[in-house]
Student: 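Quick one: the structure is below, questions incoming.
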Amino acid sequence: MTGARPLIHARGLVKRFGDFTAVDGIDVDVRAGEAFGFLGPNGAGKSSTMRMVGCVSPPSEGELRILGLDPVRDGAAIRARLGVCPQVDSLDPELTVRENLVVYARYFGIPRRVARQRAAELLDFVQLTERADSKVEPLSGGMRRRLTIARALVNEPDIVLLDEPTTGLDPQARHLVWERLFRLKQQGVTLVLTTHYMDEAEQLCDRLVVMDGGRIVAEGAPRALIERYSTREVVELRFAAESQEKYAGMVAGLGERVEVLPDRVLLYVADGDAAVAEVHGRGLAPANVLVRRSSLEDVFLLLTGRTLVE
Amino acid sequence: MDGTDLAGRPVTRPRVPAWPVLGYYLTSYRRTWRSGVFTSFLLPLLTVLGFGVGVGAYVEQGVGGVDYLDWVVPGLIASTALQVAVLESTYPVYSGFHWSRVYSGQQAAPLRVGDILTGHLAFVLLRVLLSTTAFLLVAAVFGVLRSGWALAVPPVVVLLGLAVAAPVFAVSAVVPTDNHLTILFRFAVLPMTLFAGVFFPVESLPVGLRGLAYLSPLWHGVELCRAATLGVAPPWPLPGHLLYLAGWALVGCLLALRVFRRRLVV
Amino acid sequence: MVALVLPRLVAAAGTARRSARVAGRNVTAMKLSYWLLLVSGFLEPLLYLLAIGVGVGALVGDLTLPGGQVVSYATFVAPAMLASSAMTGALAETTFNFFGKFKQLKLYDGMIATPLRPIEIALGELGWAMVRGSAYSVAFVVVLVAMDLTTLSRGLLAVPAAVLVGFAFGAAGLALATFMRSWQDLDLLGSVQFTLFLFSGTFVPAEAYPQVLRWLVEVTPLYRAVHLIRGVCVGVDGWGWLLDVAYLLVVTVLGLVVAARRMSTLLYR
């Protein structure tokens, strides 16, 4: 399949709402079988991009091809081959868990018998078989999310679009969702997801774009992005003072770069332990010291000067 | 109830605990009363015109020597009281338990179940009073109030309102889905409205159905209102009608209190 | 108009199928209490007929229609009850329920991620409302024939007429519901509906109204619906019924087009 046409192809893609430009000319190519991510804070334009790719939001400008087709003209045909897990669950509260899947499958023209069988398999896949005849209302947030993911798979899609798949879930529920998505990835399903969690992006994505203010600010594999934009290690220092600002000068020159956040100071260095020794050597006594590896969070901070989760 | 806590600080409760509860409903009513004005004045006016005047013109001999318009308006007033009382004590009460969960919020404050119930019922009766007073004014404009006894209509409809609102509170607190409330409208409120003497005398009903009409609280409310605006004696001795309505109110309140306790005190 | 609608109708080979699946969702969602609600919906016009037609009818006696026919008050009121119950049934499903699914439950946001198109969702909901409404109409016509308020052959014609009335109000309801912002707006719609119910030649012949009111009334959809069905059930005078049918067809098509347009704008943001 290498060298084949990308499943999603966008050039200069723009989405405007009145005077506000949500997506400001982005270029994206997603190839079959890869897990592709849009990483960025709230308001970066990720969801607007996803809605355009999902053929439920006409682009204001630019070129967009999904599965080689035009989303405005062939929207229905494209949507037949997409699976969508929207940011806000749109499950049907008047139906049971199982009925949600069967009824949704019917919207794709899947025969009732096949729909029932597929619903059973998918309930098993997302570990909801025991709740099959329950209504949606009493389900936990994690269960609803898993049901929405199962619903997105009911038409055996070529591409699965996941908009913030784990936002608002507790850590345990998140890991369960990740584990299921990882399995899909192993089965060769093309995944496109948005997230503002750097750990989610690092775990799931083969390749990602970092978005900010409607534009793409960096693109590549998670590890490669970190290597390109950040240092190997980061030292986080928390000083017991009201403002961290005055310590910035005192640690100057200790690393390739110093970032001051409202609650901590970050030193970007190759060797964290050596830098910590140096901090103490300068007679500074931070209340809290943490040495860690660089993450996508740091990439975003270095590129935009802001944090992902505010 | 008032006293001091372990740290010696005074423990306070509202003097009349149902007041702040009523206050809550009045506050939210402030935001929606505008559309209420439309329904309270315009719909009675249109009903009097469209039905009372319209059909009245075709009832040449009147009812028992009274013009059909004069005869039907007091019935419409009582039936408005019924509508408002039931509407205000179905979905809002159901919502208090299931959707807005107002009751659990109020229960977290130092209020007893009785206070919560009293406050909400008081609001419903206030709504009944406002709507029927509006209707009464419209009726006065049409000149169909033939006796000074018409001033007795407001207290009568409040009693009628309590007689239906209280038991309906109990029902709304126990039904499992809001569809059941629609069923209550279809099987209880609508038949009552149509067959309890509002539009035509119950005497023309078959005997069995007539008995059912006598059992309904609405018939008593209709006859009392009619007696008041026409200045005639009601079909039963006055205390009979009043006691019957009071009985519904009392039993309804006890039932509602019981059901509310069971649902809120777990 | 034709250029706008025709291609859609032709291109819509699969549309009917897909719309049926939207209706299918509603069948699946029917639970016991909803069934009871559905069946009891038939009761409403019957009760009105008995109370007003028979009860008040005893006070009114016979009526002379503009055509010179003398009929009982129940015979006069019954077709109006059929028309207004077709209106009420269609509007309940397409305003109240449709608004809830659209804006409250956000069900259609999930549906548009599938091959379904807004027009198909609208048609599916309308179709469902019509299945329900037609069942009521048939049952009510059976009662009318049994009570000797119309003849069997006239009754058979009244059913499609009532279904057309349902389609017109259902389509208009969908279009209106897309403009509703809150449940309060729906309350207002309910008041308008009640006003139509009072003044559409329902309880007294429209000829009895003052001239100005009469003109006003004659352009409202429920008046046309009552006029059509009364004509079918009691006796047609002239070709006025053609105007009624045309009026209701236009409302149906217009309602659907507006509803689908509005849904596209609101859903395909």
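Note that this is a predicted model, so its numbers are computed, not measured. Labels below follow one simple rule: chain letters A, B, ... track the order of the sequence lines, proteins then strands, and each chain is numbered from 1.
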Student: Checking C/Ile112 against chain A: side chain, backbone, both or neither under 4.5 Å from a heavy atom?
Tutor: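 It is both, since atoms from each part get that close.
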Student: Looking at side-chain heavy atoms only, is the closest gap between A/Ser90 and C/Leu107 below 4.5 Å?
Tutor: no
Student: Any sub-3.5 Å donor-acceptor pair from A/Tyr104's side-chain atoms to C/Gly110's backbone N or O?
Tutor: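 Such a contact is found between A/Tyr104 side chain and C/Gly110 backbone.
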Student: With a 4.5 angstrom heavy-atom cut-off, is it the side chain or the backbone of A/Arg81 that approaches chain C, or both, or neither?
Tutor: neither
Student: Just wondering, do C/Leu267 and A/Val56 contact through their side chains at under 4.5 Å, heavy atoms?
Tutor: no
Student: Is it true that C/Arg25 and A/Glu99 make a salt bridge, defined as a side-chain N closer than 4.0 Å to a carboxylate O?
Tutor: no
Student: Is there a donor-acceptor pair under 3.5 Å between the side chain of A/Ser57 and the backbone N or O of C/Arg269?
Tutor: yes
Student: Less than 4.5 Å apart, any side-chain heavy atom of A/Ile78 and any of C/Pro115?
Tutor: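 Heavy-atom side-chain distance check fails, nothing below 4.5 Å.
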Student: Do the side chains of A/Arg79 and C/Leu116 get nearer than 4.5 Å, heavy atoms only?
Tutor: no
Student: Under 4.5 Å from any heavy atom of chain C, what part of A/Leu91 do you find: side chain, backbone, both or neither?
Tutor: backbone
Student: Give the C-alpha distance, both sets of side-chain angles, the deciding distance and a yes or no for side-chain contact (heavy atoms from CB on, under 4.5 Å) between A/Glu94 and C/Leu105.
Tutor: CA-CA 9 Å; A/Glu94 293 178 359; C/Leu105 306 182; 4.0 Å; yes
Student: Any non-hydrogen side-chain atom of A/Arg106 less than 4.5 Å from a side-chain atom of C/Arg18?
Tutor: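 Side chain of A/Arg106 against side chain of C/Arg18, heavy atoms only: no contact under 4.5 Å found.
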